[in-house]
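Values below: every heavy atom of this structure, side chains too, minus hydrogens, waters and symmetry copies.
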Amino acid sequence: MQPSPQSPAGRDKVHRPVSAEPKAPSRPSAAPCEIASVEEFDAAVAAGSLGGCRVQSLDLTERGAALLAVECDQAVFLGCRMPEDAAARVRASGALVFPPIPELPFDPYRSSLYRPEELFEGLAVSYESTPDALSYAWYERTRPDGDVFASMLRSIHDDSVSDALDELLVGAHVVGVMGGHALERGSRGYAGAARLGRALSRAGLTVATGGGPGAMEAANLGAYAAPYGDAMLDEALELLAKVPSFVDSVGDWAAAAFAVRERWPAGGASVALPTWFYGHEPPNAFAAHIAKYFANAIREDGLLARSNAGVVFLPGAAGTVQEIFDNATSNYYGSHGEATPMVLVDRDHWTRRLPAWPLLEALAEGRAMAGRIALVDSVDEAPEALARLRAAAPAGRSRSADD
């Protein structure tokens, strides 16, 4: 559920908030319980047992007495800090303990998604000192050497991020917005992508992007602007245009975004899935929830697979073309269930410059996905086209804006 454009509620959430009263984690037969906060830990201890639970990345240094007394058989502690005697006791009780990794610029066992403030902490000093930049430097340093330990840490991190993302998006109607990273602030295309993100968010959808600069940042900015009046986005676009690109200075580019956030602090929530594989492209600061990955393939497939309300493809180059046909492949074979809407924006771009539309239309012919693809001339037509495709039956012929 999303709030109305003027509602202050739910700006940091894309799903129904849970009760503020801590409860002991549930333990369905199909999966062990997961404990991702100290409050959940305390509730489980009060209930009498941590047996079989997965305790994820908690500081338990003040919970030594509880760890020395509570039942822990078959529990797993992932990156939890705890007193040495408590760690020895829970191991002896039948638990597995994976200790924190010292001097690592990221937490491989994290239980939540990143926030912009977290990734850009230290930006006032320099971008190079931020966790985002330090994690990219670690990735570049360890990727070529084939170290199995570093590979394992990257894999554990990415799986933890995926788990947190799935938990966040329970019940959400997610629409992906794909487009090029090179689109500059101040351009007509950037403003159009921002209006698109705002319209989709106001329609009750959760906007998800690749999390980088360009069209991705613009769509997240639009979702951020959704709770405000229309004039706010115009003012924000004007401010951001003073630093059109991240190429000359990532620090200045990011600082301009945080200045907008500081002026309008109660922005709407959206999701971003950037990657350190393209670490030279920084994440944008307008998504409330950032699922940043090391493995780009997992990130790309995950973004498309979670876009259960459809995907809007803005003009782009090779990367966007790849995303179109990655999405088309899953729709063609029904890999993720019923075909989801695909809206391509800019008829000239997708029929003449990079003619993906004719191929997509031919591929869809006679398939369930045929009634779920559309081509529109302008970005402002995309929200209506998406709504029409979502309301239509999966089978049928494809549509263009002239239909």
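Counting only distance, with no hydrogens or angles, the side chain of Ser187 and the backbone of Leu183 share no donor-acceptor pair below 3.5 Å. Side chain of Glu71 to main chain of Asp73: a donor-acceptor pair is present (N/O by atom type, distance under 3.5 Å, no hydrogens or angles). At least one donor-acceptor pair under 3.5 Å links the side chain of Ser129 to the backbone N or O of Gly122. In this structure, the side chain of Arg185 does not engage the main chain of Pro213 through any donor-acceptor pair within 3.5 Å. Between the Ser160 side chain and the Ile156 main chain, a donor and an acceptor come within less than 3.5 Å of each other. Between the side chain of Ser201 and the main chain of Ala226, no donor-acceptor pair closer than 3.5 Å is present. Side-chain atoms of Arg372 do not come within 3.5 Å of backbone N or O of Met342 as any donor-acceptor pair. Using a distance-only test at 3.5 Å, with no hydrogens or angles considered, no donor-acceptor pair links the side chain of Asp59 to the main chain of Val38. Here the side chain of Arg188 pairs no donor or acceptor atom with the backbone of Gly186 at under 3.5 angstrom. Side chain of Gln56 to main chain of Tyr109: a donor-acceptor pair is present (N/O by atom type, distance under 3.5 Å, no hydrogens or angles).
Taken from NZ in Lys292 to CG in Leu119, the straight-line distance is 6.5 Å, to the nearest 0.5 Å. To the nearest 0.5 angstrom, Leu168 atom CG is 8.0 Å from Thr206 atom OG1. Note that CZ of Phe77 is 5.0 Å distant from CG of Leu50, once rounded to the nearest 0.5 Å. Distance check, rounded to the nearest 0.5 Å: CG of Asp377 to CG of Asp348 gives 9.5 Å. Residue Leu344 holds its CG atom at 6.5 Å from CG of Leu375, rounded to the nearest 0.5 Å. We find the SG-CZ distance between Cys72 and Arg91 to be 12.0 Å, quoted to the nearest 0.5 Å.
Within the structure, every pair that satisfies the ring-ring contact (aromatic ring centres under 6.0 Å, His included) test and touches residues 292-323, not counting sequence neighbours, is listed here: Phe106-Phe294, Trp138-Phe294, Tyr139-Phe294, His157-Phe294, Trp276-Phe294. Counting only residues at least two apart or in different chains, side chain to side chain donor-acceptor pair (under 3.5 Å) contacts with residues 94-105 are absent.
Contact check for Leu389 versus Ile373: no side-chain heavy atoms found under the 4.5 Å cut-off. Looking at heavy atoms from C-beta onward, Leu240 lies in side-chain contact with Phe286 at the 4.5 angstrom threshold. With contacts defined as side-chain heavy-atom distances shorter than 4.5 Å, the pair Arg390/Leu205 qualifies. Counting heavy atoms from C-beta outward, Trp253 and Glu217 have side chains that approach closer than 4.5 Å. Looking at heavy atoms from C-beta onward, Arg306 lies in side-chain contact with Leu169 at the 4.5 angstrom threshold. The shortest side-chain heavy-atom distance between Val177 and Val207 falls under the 4.5 Å cut-off.
The pair Arg115-Glu121 does not meet the salt-bridge criterion, since no charged nitrogen lies less than 4.0 angstrom from a carboxylate oxygen. The pair Arg353-Asp346 does not meet the salt-bridge criterion, since no charged nitrogen lies less than 4.0 angstrom from a carboxylate oxygen. Between Arg299 and Asp158, none of the side-chain N atoms (NZ, or NE/NH1/NH2) sits under 4.0 Å from a carboxylate O, so this pair counts as no salt bridge. With respect to the salt-bridge test (charged N to carboxylate O, under 4.0 angstrom), the residues Asp230 and Arg202 qualify.
Among residues two or more places apart in sequence or in another chain, the side-chain hydrogen bond (donor to acceptor under 3.5 Å, both in side chains) test is passed with Asp326 by none. Residues passing the salt bridge (charged side-chain N to carboxylate O under 4.0 Å, His left out) test with Asp159: none are found, sequence neighbours excluded. The side-chain contact (heavy atoms from CB on, under 4.5 Å) check on Ser378 picks up Asp380, Glu381, with sequence neighbours excluded. Looking at residues two or more places apart in sequence or on another chain, you find no salt bridge (charged side-chain N to carboxylate O under 4.0 Å, His left out) involving Glu238. Considering only residues two or more places apart in sequence or on other chains, Arg198 meets the side-chain hydrogen bond (donor to acceptor under 3.5 Å, both in side chains) condition with none of them. Residues satisfying the ring-ring contact (aromatic ring centres under 6.0 Å, His included) criterion with Phe258, sequence neighbours excluded, are Phe120. Considering only residues two or more places apart in sequence or on other chains, Tyr333 meets the side-chain contact (heavy atoms from CB on, under 4.5 Å) condition with Thr329, Ser335. Remark: Glu62 engages no residue in a side-chain contact (heavy atoms from CB on, under 4.5 Å) (not counting sequence neighbours). With sequence neighbours excluded, the residues satisfying side-chain contact (heavy atoms from CB on, under 4.5 Å) with Asp252 are Val243, Ser249. In terms of the salt bridge (charged side-chain N to carboxylate O under 4.0 Å, His left out) criterion, residue partners of Glu118 (sequence neighbours excluded) are, by chain and number, Arg110.
Scanning both residues, Asn220 and Val271, for their nearest heavy atoms gives ND2-O, 3.3 Å. Contact detail for Leu273 and Gly302: the closest heavy-atom pair is CD2-C, 4.3 Å. Residues Ala87 and Val97 approach most closely at O-CG2, 4.3 Å, considering heavy atoms. Residues Ala317 and Leu354 share a closest heavy-atom pair of CA-CD1, 4.0 Å. The minimum heavy-atom distance linking Leu123 with Gly251 is given by the pair CD1-CA, 3.9 Å. Contact detail for Ala328 and Leu363: the closest heavy-atom pair is CB-CD2, 4.1 Å.
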Show the numbers, then the answer: is there a side-chain hydrogen bond (donor to acceptor under 3.5 Å, both in side chains) between Thr130 and Asp132?
CA-CA 5 Å; Thr130 65; Asp132 184 63; 5.1 Å; no
Before giving the answer on side-chain contact (heavy atoms from CB on, under 4.5 Å), spell out for Val311 and Thr340 the whole-Å C-alpha distance, their side-chain angles and the decisive distance to 0.1 Å.
CA-CA 8 Å; Val311 183; Thr340 53; 5.6 Å; no
Given side-chain hydrogen bond (donor to acceptor under 3.5 Å, both in side chains), test Asp147 with Thr142 step by step and report yes or no.
CA-CA 7 Å; Asp147 179 13; Thr142 61; over 6 Å; no
Checking salt bridge (Lys or Arg N to Asp or Glu O under 4.0 Å) for the pair Glu117/Arg261: CA distance, chi angles, key distance, verdict?
CA-CA 11 Å; Glu117 299 87 347; Arg261 288 170 51 94; 2.5 Å; yes
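Cation-pi geometry between Arg367 and Tyr332 is met: under 6.0 angstrom from the ring centre, within 45 degrees of the axis.
Neither side chain, Glu323 nor Asn327, offers a donor N or O lying under 3.5 Å from an acceptor on the other.
The environment of Glu235 atom CD is dense: over 12 non-hydrogen atoms of other residues, nucleotides or ligands sit within 6.0 angstrom.
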